[in-house]
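Below you'll find the structure, written out as structure tokens, and then a few comments.
Every value quoted in this text rests on a predicted model; they were computed, and no experiment measured them.
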Amino acid sequence: MSDSTSASAAVPVPDPPATPVPHPLPLRSDVYPALVSFLASEPAAEGEPALAQGVARLRFHGWCTCSRTCAYLRTAPADRADNSWIHLDDGDTPRVWLQLDREHTSFAGREICVFELGPAPALDPRRPACA
């Protein structure tokens with residue numbers, strides 16, 4: 001008979017995984033799900049599938065504060081923005097302008113021209129009056 005408590009080497013027990021620290025900025029999909037849904041499909045239709053795939057992972061960095069009615073929503077720090085834009089139109093009416101980041105792999109922000117964002121007062125109390 002063997003004794004299972006014999007002098008076998010102790011196997012270290014790993015520490016439990018640390019509780020993930022919540023990100024200080026919410027996902028934009030949690031703040032404006034209708035906009036994220038629209039932006040996940042439109043760039044792909046415009047021939048930019050790689051840009052469309054990253055839309056759900058973007059964080060909500062807030063609205064531009066240059067004026068109360070500015071309709072520029074930030075999804076990256078301001079210093080990440082490039083001068084390149086993609087516009088998504090509804091016929092002749094611009095709906096959303098997307099500003100690319102410096103690497104052109106994601107978006108730094110967007111100008112909301114004509115798009116119903118839906119309610120988000122708890123997550124975004126500084127939403128512009130007109131967007």
Side-chain angles (χ1 to χ4, degrees):
M1 236 182 185
S2 70
D3 183 3
S4 62
T5 60
S6 64
S8 61
V11 177
V13 177
D15 291 332
T19 305
V21 177
H23 198 284
L25 298 171
L27 288 170
R28 198 178 34 132
S29 58
D30 292 336
V31 181
Y32 293 116
L35 181 61
V36 170
S37 177
F38 171 74
L39 294 177
S41 63
E42 287 299 311
E46 296 287 327
E48 297 288 348
L51 289 173
Q53 290 174 351
V55 166
R57 294 186 305 268
L58 294 173
R59 298 279 170 186
F60 177 67
H61 286 255
W63 288 93
C64 177
T65 57
C66 71
S67 75
R68 171 119 172 82
T69 59
C70 181
Y72 183 81
L73 184 149
R74 295 181 296 119
T75 55
D79 65 346
R80 301 292 309 141
D82 189 58
N83 290 330
S84 299
W85 294 76
I86 296 172
H87 59 94
L88 305 174
D89 300 334
D90 187 15
D92 293 333
T93 306
R95 293 185 77 185
V96 177
W97 287 76
L98 304 169
Q99 186 173 23
L100 294 169
D101 67 1
R102 283 189 263 159
E103 290 80 26
H104 292 201
T105 58
S106 187
F107 304 112
R110 62 225 1 96
E111 176 113 11
I112 311 298
C113 301
V114 178
F115 190 87
E116 179 53 46
L117 294 169
L123 293 172
D124 186 10
R126 288 182 246 137
R127 178 178 170 184
C130 301

Determine, step by step, whether I112 and W63 satisfy the side-chain contact (heavy atoms from CB on, under 4.5 Å) criterion, reporting the C-alpha distance in whole Å, the side-chain angles of both residues, the deciding distance to 0.1 Å, and the verdict. CA-CA 11 Å; I112 311 298; W63 288 93; 3.9 Å; yes

Parallel, tilted or perpendicular: which one describes the rings of W85 and W97, with boundaries at 30° and 60°? perpendicular

Specify the closest pair of heavy atoms between C113 and P94, including all atoms of both residues, with the distance to one decimal. CB-O, 3.1 Å

State the CZ-CG distance between R95 and L88, to the nearest 0.5 angstrom. 8.5 Å

Presence of salt bridge, R80 and E103, under 4.0 angstrom: yes

List in chain and number order the residues that pass side-chain contact (heavy atoms from CB on, under 4.5 Å) with S84, two or more places apart in sequence or in another chain; answer none if no residue qualifies. D82, L100, H104

Enter the distance from R110:CZ to C64:SG here, rounded to the nearest 0.5 Å. 13.5 Å

Partner of F60 under side-chain contact (heavy atoms from CB on, under 4.5 Å), chosen from L25, L27, L73: L73

Any idea which heavy atoms bring A40 and V55 closest together, and the distance? N-CG1, 4.2 Å

Testing the basics here: between H61 and R74, what is the closest heavy-atom pair and its distance to 0.1 Å? O-NH2, 2.6 Å

For T105, give me all partners under side-chain hydrogen bond (donor to acceptor under 3.5 Å, both in side chains), at least two apart in sequence or on another chain. D101

Within this structure, what is the NE2-CG distance for the pair H87 and L98, rounded to the nearest 0.5 Å? 10.5 Å

If you measure from CZ on F38 to CZ on F115, what distance do you get to the nearest 0.5 Å? 6.0 Å

Using 0.5 Å steps for rounding, measure from the CG atom of L51 to the CD1 atom of I86. 5.0 Å

Euclidean distance, L35 CG relative to E42 CD, rounded to 0.5 Å: 11.0 Å

